[in-house]
J.: 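Please find one structure pasted underneath; my questions will follow.
Numbers for residues simply follow the sequence, beginning at 1. Here the structure is a predicted model, which is why all the values come from computation and not from measurement.
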Amino acid sequence: MVRHLDRGELEAGLEEIQRSPGARGELKAIVVRPATDARESLQRCGVSAELGVHGDSWAKGCWMSLPDGRPHPDVQIAIMNARAIALIAREEARWPLAGDNLFVDLDLSAANLPAGTRLAIGPALLEITAVPHNGCHKFAARFGVEATRFVNSKEGKRLHLRGIYARVVQPGTIAVGDPVTKL
């Protein structure tokens with residue numbers, strides 16, 4: 001059993017998170033959720049407007065839908081800062097528990113990546129959406145109440161510590177290690 005960090009330990013890690021590159025980073029992990037609470041880590045996969053991250057359950061339906069019932073494209077891909085999840089999860093094997101699809105070493109703050117900003121990952125192009133990504137009861141159960149309060153705090157929201165959502169603008173195959181470039 002992994003010990004959850006307390007608020008002081010989490011806040012002590014902010015400096016490292018804030019050292020994330022602002023313009024060009026790296027894709028550190030890819031995770032798909034083929035079914036509720038199931039996770040699969042991949043080395044490479046396709047992304048498209050039709051399927052989101054290929055192999056992920058987003059295309060089958062999600063918590064946010066269009067009026068016709070289709071999954072909303074503004075929550076196609078969940079992205080989290082790799083330094084933030086490294087601090088919170090404490091072990092890389094626990095990163096997938098966050099439920100995000102892509103873990104990147106890049107500054108995800110609102111100042112650096114406002115809604116509408118585009119990211120190139122390999123040949124794919126993503127656009128950051130305005131939908132907020134917040135820590136929920138599942139996040140609290142997996143990483144602790146203090147971690148949830150940390151990511152949902154004023155500073156946590158400013159830095160997007162819980163992550164951001166993106167939609168696919170240009171499809172392509174992405175791989176762990178690919179550069180992530182802010183356009």
Side-chain angles (χ1 to χ4, degrees), residues 20-66 69-86 88-89 92 95-110 112-136 138-139 142 151 156-157 159-183:
S20 299
R24 184 179 167 99
E26 182 180 342
L27 179 58
K28 294 291 193 177
I30 302 169
V31 177
V32 294
R33 304 156 299 179
T36 302
D37 293 327
R39 307 286 188 269
E40 185 180 340
S41 294
L42 305 175
Q43 287 301 303
R44 65 182 326 106
C45 72
V47 296
S48 67
E50 297 76 29
L51 298 176
V53 178
H54 296 188
D56 191 65
S57 62
W58 171 84
K60 298 174 191 169
C62 70
W63 63 272
M64 187 172 161
S65 302
L66 294 169
R70 289 179 296 136
H72 203 294
D74 282 358
V75 294
Q76 256 179 352
I77 298 178
I79 303 171
M80 190 169 183
N81 178 284
R83 296 177 194 218
I85 192 61
I88 293 165
E92 193 168 348
W95 290 17
L97 294 175
D100 294 81
N101 302 115
L102 307 180
F103 296 92
V104 299
D105 187 18
L106 189 72
D107 174 5
L108 302 183
S109 71
N112 191 52
L113 296 180
T117 302
R118 291 190 172 187
L119 296 177
I121 305 177
L125 188 60
L126 308 181
E127 183 175 282
I128 306 308
T129 70
V131 178
H133 193 8
N134 300 309
C136 63
K138 288 183 179 183
F139 192 84
R142 294 167 182 155
V151 300
K157 288 184 179 289
L159 297 173
H160 288 157
L161 294 182
R162 180 58 195 94
I164 56 177
Y165 287 108
R167 68 169 61 217
V168 179
V169 175
Q170 177 179 303
T173 299
I174 60 174
V176 172
D178 277 351
V180 179
T181 307
K182 175 183 161 183
L183 303 178

J.: Using the side chain to side chain donor-acceptor pair (under 3.5 Å) criterion, which residues pair with Asp178? Sequence neighbours excluded.
T.: none
J.: State, to 0.1 Å, how close Gly163 and Leu108 come at their nearest heavy-atom pair, and which atoms those are.
T.: CA-CD1, 4.4 Å
J.: Sequence neighbours excluded, which residues qualify as side-chain contact (heavy atoms from CB on, under 4.5 Å) partners of Ser65?
T.: none
J.: Applying side-chain contact (heavy atoms from CB on, under 4.5 Å), can you list everything that pairs with Pro132, at least two apart in sequence or on another chain?
T.: Asn134
J.: Check whether any side-chain heavy atom of Leu119 lies under 4.5 Å from a side-chain heavy atom of Leu106, and answer yes or no.
T.: yes
J.: The criterion is ring-ring contact (aromatic ring centres under 6.0 Å, His included); which residues satisfy it with Trp95, sequence neighbours excluded?
T.: Phe103
J.: Going by side chain to side chain donor-acceptor pair (under 3.5 Å), name the pairs with one or both residues in residues 163-172, residues two or more places apart or in two chains.
T.: Asp74-Arg167, His133-Tyr165
J.: Can you list the residues that meet the side-chain contact (heavy atoms from CB on, under 4.5 Å) rule with Thr173, with sequence neighbours excluded?
T.: Arg44
J.: According to salt bridge (Lys or Arg N to Asp or Glu O under 4.0 Å), who are the partners of Glu26, at least two apart in sequence or on a separate chain?
T.: Lys28
J.: Taking only residues two or more places apart in sequence or in another chain, which ones pass side-chain contact (heavy atoms from CB on, under 4.5 Å) with Pro21?
T.: Arg83, Asp105
J.: Give a yes or no answer on whether the side chain of Gln76 reaches the backbone of Val53 with a donor-acceptor pair at less than 3.5 Å.
T.: no
J.: For Arg39, what residues pass the side chain to side chain donor-acceptor pair (under 3.5 Å) criterion, not counting sequence neighbours?
T.: none
J.: Could you pull out all residues at least two apart from Ser109 that satisfy side chain to side chain donor-acceptor pair (under 3.5 Å)?
T.: Asp107
J.: With sequence neighbours left out, write down each residue that passes side chain to side chain donor-acceptor pair (under 3.5 Å) with Asn101, or none if nothing qualifies.
T.: Asp56
